[in-house]
Amino acid sequence: MTAAADPDPLRAAFDAVHAAVVTYGEDHPALLAEVWSSCEGRDASPGPGPACDGA
């Protein structure tokens, strides 16, 4: 799980979710549903990197 310590917060988050998906195995859809539900409704601030306005 050392990849979750990446200095880039987004990369660290993706690496942590990937490790969890591998651990959950065939039950990973339930994990991803839980992750998604915790992300819904949050402010999508661009963070420390360049802003992405979808254009």
Side-chain angles (χ1 to χ4, degrees):
M1 185 61 75
T2 58
D6 193 295
D8 176 9
L10 182 59
R11 170 56 57 194
F14 281 130
D15 290 345
V17 170
H18 178 261
V21 164
V22 171
T23 300
Y24 264 66
E26 65 183 43
D27 292 332
H28 73 274
L31 169 72
L32 293 175
E34 184 68 26
V35 170
W36 183 252
S37 72
S38 70
C39 294
E40 289 180 326
R42 292 188 180 255
D43 179 27
S45 63
C52 178
D53 60 4

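Atoms considered below: every heavy atom in the structure, side chains included; atoms not considered: hydrogens, waters and symmetry mates.
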Pairs meeting criterion side-chain hydrogen bond (donor to acceptor under 3.5 Å, both in side chains) with involvement of residues 20-36, two or more places apart: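 Every pair satisfying side-chain hydrogen bond (donor to acceptor under 3.5 Å, both in side chains) with a residue in residues 20-36: Trp36-Glu40.
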Each residue besides Leu10 in its hydrophobic cluster should be listed here, by chain and number; the cluster joins Ile, Leu, Val, Met, Phe, Trp and Tyr at side-chain heavy-atom distances under 4.5 Å.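 Members besides Leu10, by chain and number: Phe14.
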Can you give me the closest heavy-atom contact between Val17 and Leu32, atom names plus distance?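 For Val17 versus Leu32, the nearest heavy atoms are CG1-CD2, 4.0 Å.
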